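Below is one structure; the comments refer to it alone.
First the proteins, then the strands, lettered A, B, ... as listed; each starts at 1. All values reported here derive from a predicted model rather than from experimental measurement.
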Number of protein chains: 2
Amino acid sequence: MTTRDHIIQTADQLIRAKGYNAFSFVDIANVVGIRKPSIHHYFPRKTDLGVAVIEYHIQQLQKIQKAFAVKCAVEKLDRFFLIYDDIKKHNKVCLVGSLTTDYNTLDVEVQDKLRYFSEVMLNWVTDFLEEGRCKKEFHFSEAPRTKALLIITNMIAIVQLSRVTEDKDFNLMKETIKKELLTN
Amino acid sequence: MTTRDHIIQTADQLIRAKGYNAFSFVDIANVVGIRKPSIHHYFPRKTDLGVAVIEYHIQQLQKIQKAFAVKCAVEKLDRFFLIYDDIKKHNKVCLVGSLTTDYNTLDVEVQDKLRYFSEVMLNWVTDFLEEGRCKKEFHFSEAPRTKALLIITNMIAIVQLSRVTEDKDFNLMKETIKKELLTN
DNA sequence: GTCTATATATAGATAGAC
DNA sequence: GTCTATCTATATATAGAC
């Protein structure tokens with residue numbers, strides 16, 4: 001892995017563990033094993049790093065979309081849940097949840113990139129829900145985009161909320177959502 | 001309003017607009033019209049202020065619970081939604097959503113108070129959902145606490161997510177949730 | 001590409017006068 | 001109860017040597 005990628009992935013972990021305004025270049029330097037000013041060689045401003053972290057997430061999601069394009073809707077749903085399994089396992093929150101709460105403190109470049117990432121995510125879920133209903137894998141009465149919003153908001157917030165309720169509420173949400181999609 | 005209350009309410013607005021780690025005592029001083037060190041007279045540490053803000057929310061919620069104790073479940077649901085209407089109207093997020101994303105940076109006193117507030121909120125929603133189903137006002141198949149988690153996570157995250165999708169997604173969530181509770 | 005040194009701003013917090 | 005002055009730590013960022 002290149003130093004640049006190591007910085008991006010470390011920033012990503014810190015943003016989702018502590019929040020955008022609670023991580024610093026020193027935190028990253030300590031993990032990557034370089035000095036604070038060296039990070040500016042790759043990312044002149046914190047904003048540049050923030051944008052790069054979101055771009056990394058967009059790339060990862062597009063890889064998943066591509067790899068699962070031929071799979072059935074239930075498999076796509078399971079892959080969607082797997083994203084949050086990983087988040088919950090490491091006691092993080094998702095990038096959209098972390099950055100939307102700090103939204104009013106972000107530079108417009110980060111805001112715009114975040115908007116685009118959210119759009120890609122929402123479109124993907126909307127599409128596989130519609131496909132799943134079309135093929136009788138899923139059953140739901142709402143518009144596919146509305147159902148996608150319901151499910152995505154469940155997942156965004158349960159990784160946050162289960163930090164203070166109970167960890168097992170995470171699996172409870174997942175199982176309830178899946179069961180209801182498969183029933184009827 | 002006392003200076004102390006003014007500080008608490010200003011801190012509350014700032015936490016939900018920008019996040020816990022993005023507001024400072026100077027921000028509050030500028031709004032309240034006093035100097036930064038004067039705030040320490042009321043709240044020695046930022047942690048003390050954080051705790052007070054959550055306590056304020058607990059009090060507000062308990063007032064609502066009391067005032068609506070005699071009302072029907074649908075009215076309680078509408079009052080629950082009204083909390084989020086106010087949040088969305090002012091482009092804020094809810095306290096639980098804001099503080100759970102910053103959870104790992106909070107002192108344990110704030111964490112514990114936040115856990116208690118979340119419990120009060122979850123219990124209230126669980127109770128009026130159960131009551132509503134009992135009286136045939138609501139229809140749902142999940143356990144009441146599970147349904148409460150589904151609805152609360154929808155609301156926590158839609159005020160966050162609709163900052164980057166579309167504002168009208170907020171009303172869309174609300175109406176969809178209510179319609180499904182009333183149907184069947 | 002990484003370093004040391006530094007600039008500049010701001011954070012949370014305290015001391016002590018009024 | 002509020003102020004000025006100050007402390008200490010840390011933030012983002014830059015300059016310039018190696």
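- Within 4.0 Å of Ser38(B), counting heavy atoms only, lies at least one base atom of the nucleic acid.
- In terms of phosphate contacts, Ser24(B) brings a side-chain nitrogen or oxygen within less than 4.0 Å of OP1 or OP2 of dA11(C).
- The interatomic distance linking Asp48(B) (CG) with dA13(C) (C1') rounds to 12 Å, in whole Å.
- Going from atom CZ of Phe43(B) over to atom C1' of dT14(C) covers 18 Å, rounded to whole Å.
- Between Thr3(B) and the phosphate of dT2(D), there is a side-chain N or O to OP1/OP2 separation shorter than 4.0 Å.
- Atom pair Ile39(B):CD1 and dT14(C):C1' shows a separation of 15 Å (rounding to whole Å applied).
- Residue order along DNA chain D, read from the 5' end via each residue's closest nucleotide, puts Tyr42(B) first among Tyr42(B) and Phe25(A).
- Nucleotide dA5(D) holds its C1' atom 11 Å from the NZ atom of Lys36(B), rounded to whole Å.
- Contact between the side-chain N/O atoms of Arg35(B) and the OP1/OP2 oxygens of dT4(D) is found at a separation under 4.0 Å.
- Between the CG atom of Asp27(B) and the P atom of dA11(C) there is a distance of 6 Å, given to the nearest Å.
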Side chain to side chain contact (heavy atoms under 4.5 Å, CB included) between Asp169(A) and Leu172(A): does it pass, once the steps are laid out? CA-CA 5 Å; Asp169(A) 287 334; Leu172(A) 178 63; 4.0 Å; yes
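- For Lys71(A) and Phe128(A), the positive end is not near the middle of the six-membered ring at less than 6.0 Å and at most 45° from its axis.
- With no hydrogens or angles considered, no side-chain donor-acceptor pair links Thr176(B) and Thr146(A) at under 3.5 Å.
- Of the candidates dC3(C), dT4(D), dG12(C), dG12(C) carries the atom nearest the His40(B) side chain, counting heavy atoms from C-beta on.
- Between His57(A) and Phe117(A), the ring-plane angle classifies as perpendicular under the 30° and 60° cut-offs.
- Annotation for Val159(B) and Ile87(B): closest pair CG1-CG2, 4.0 Å, computed over non-hydrogen atoms.
- Whole-Å rounding puts the Leu49(B) CG to dA11(C) C1' distance at 15 Å.
- The NE2-P distance, from His6(A) to dG1(C), rounds to 17 Å in whole Å.
- For the pair Tyr20(A) OH and dA11(D) P, the computed distance is 14 Å after rounding to whole Å.
- Phe23(A) comes within contact range of the sugar-phosphate backbone alone, with a heavy-atom separation under 4.0 Å but no base atom that close.
- When the side-chain nitrogen and oxygen atoms of His41(A) are compared with OP1 and OP2 of dT2(C), none of them lie within a distance under 4.0 Å.
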